[in-house]
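In what follows, every heavy atom counts, from backbone to side chain, and hydrogens, waters and symmetry copies are set aside.
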2 protein chains.
Amino acid sequence: MTAADGAPAGRGRGRRPGGPDTRGQILAAARHSFAGKGFGATTIRAVAADAGVDPALVHHYFGSKDDLFLAALEIPVDPRRLVPQVFEAGLDGAGERLLRLFLSVWEDPHARLPLLALVRSSLGREGDESLLRQGILRMILEPIRSALPTDEADHRMQLVISQMSGLVVTRYLLVLEPLASMPREDLVAWVAPTLQRYLDAPLPRERGVASSAGPGASG
Amino acid sequence: MTAADGAPAGRGRGRRPGGPDTRGQILAAARHSFAGKGFGATTIRAVAADAGVDPALVHHYFGSKDDLFLAALEIPVDPRRLVPQVFEAGLDGAGERLLRLFLSVWEDPHARLPLLALVRSSLGREGDESLLRQGILRMILEPIRSALPTDEADHRMQLVISQMSGLVVTRYLLVLEPLASMPREDLVAWVAPTLQRYLDAPLPRERGVASSAGPGASG
DNA sequence: AGCACAATTCAACGCATGATGAATAACGTC
DNA sequence: GACGTTATTCATCATGCGTTGAATTGTGCT
């Protein structure tokens, strides 16, 4: 994969001839590494090597490692614009529309790598200031509040998010087969009803546990 | 939190008097750190400091950092025994029984920390040999194969796992409120039906998209 | 009392990392 | 063709890490 072709050839320092998009190659290498190994396990030296370039050049283009991370994180979609559109047409079918939006974003390679980078790096560390937490809260949760009954919006949407983040984990992080290769339409058929139920099913009662369930494992 | 009391007091090396369970305190500190920051971001020096102890002592009790990690990972339940019990009584209500088992394990503090450590550390890195992948496959997926139709077992169970891992992420890693504090019974009422549907709902047809859904966002 | 053993610390090594600053070669422009 | 600018490398620093080995002191056995 190492991108550069005639890169680390001759002796001496100074500018090297060819490569017209070195900056781009560095960014691509960084994205791959952040997406695959997270922030902590990514080393600037490895990124540089992968781009066929001296580590100092990485610092020349992007500043610190944090800056590089932020640069690699640019996500080509804005949830704050797209998510409300899903709910504009009302709750009916919103589950399916939301899931289709979710899948279209995650199946897009340009969006997938930065998202993976964000998720992998965020789940590694604890703390309220985690980027992912803020991202979910302000990019997805906030813009939806208005579309649902005020006092139920949060927990309904978080159930939705729980199912979607579960897909992220199993399908895109762990790549469990056959789930990871399941066609989009099949996935929609399976999980859209789940999301729809979380969105508009009546609040569950503190139901009498009469139905069929034994006391499972408790303790 | 730093566990040791009269620990780093006087001068000189040699054995210190009191603390009867230094080893235990080290292990506890290690668990907290691994669970909170994952493997990579956990430093032996920090663990030692947190236990009020010299880093070399960590190596004295547990060997390398890997060994310490494995020691911190001891999970007091064996899914290979418990999971099949869920399916012994048949598929009816298995969703709820499985979810209750899942919750009872994750709500147990003795199990939660090692599990968090495993999850946090595994999601940080790519690769087939990831402990978590292996764990899920062999601890959960394998023992269940026999309880479902052979050709559907894998994708049905992986859908189940997707919802459960989504709960892990939102409830235990990100601690999204109010989901994180939702009472067990409410959670069961909301998501047990989801699991049950993944387990025994008829295979979705390549249905005509006539119902209510527009073409969402594509591309 | 003496002695083996376990617990604990100290000091240090070797290594990889992020970062910096100066040196050099190619490029674009007049 | 001279010149400022940009791209690139080299050499190096300080830091923090995992790990090791020896030194020291307390504990328990006989």
Grab the NE2-P distance between A:H60 and D:dT8 for me, whole Å please. 8 Å
Starting at the 5' end of DNA chain D, which residue's closest nucleotide do you reach first, B:A56 or B:T42? B:T42
In whole Å, I'd like the distance from the CD atom of B:Q25 to the P atom of C:dA7. 14 Å
Looking at C:dG18, does its base get a donor-acceptor pair with the side chain of A:R45 below 3.5 Å? yes
Which part of the nucleic acid does A:L57 contact within heavy-atom distance under 4.0 Å: base, sugar-phosphate only, or nothing? base
Under 4.0 Å from OP1 or OP2 of D:dT6: is there any side-chain N or O of A:Y61 that close? no
Quick one: is A:T22 getting a side-chain N or O under 4.0 Å of the D:dT8 phosphate, OP1 or OP2? yes
For the side chain of A:K65, starting at C-beta, report the closest nucleotide among D:dT20, C:dG18, C:dT9. C:dG18
Between the side chains of B:R100 and B:E185, is the shortest nitrogen-to-carboxylate-oxygen separation below 4.0 Å, so that they form an ion pair? yes
Got a donor-acceptor contact below 3.5 angstrom from the B:K37 side chain to the B:H32 backbone? no
Should the heavy atoms of other residues, nucleotides or ligands under 6.0 Å from CD of A:E74 be counted, would the total exceed 12? no
A:V168 backbone acceptor or donor facing A:S165 side chain under 3.5 Å: no
Side chain of B:D54 only, heavy atoms from C-beta on: which candidate in C:dT9, C:dG18, D:dT20 is closest? C:dT9
Distance in angstrom units between B:I44 CD1 and C:dT8 P, rounded: 17 Å
Options D:dT19, C:dC10, C:dG18, nucleotide nearest the side-chain atoms of B:S64: D:dT19
Separation of D:dA7 P from A:H59 NE2 (nearest whole Å): 17 Å
Which residue, B:P55 or A:A46, contacts DNA chain C at a nucleotide closer to its 5' end, judged by nearest heavy atom? B:P55
Is B:S121 reaching over with its side chain to a backbone N or O of B:G38, donor-acceptor style, under 3.5 angstrom? no
Distance in angstrom units between A:D66 CG and C:dT17 C1', rounded: 14 Å
Of all the nucleotides listed (C:dG18, C:dA19, D:dT19), which has the minimum atom distance to the side chain of A:T43? C:dG18
Please report the distance, rounded to the nearest Å, between CZ in A:R23 and C1' in D:dT8. 16 Å
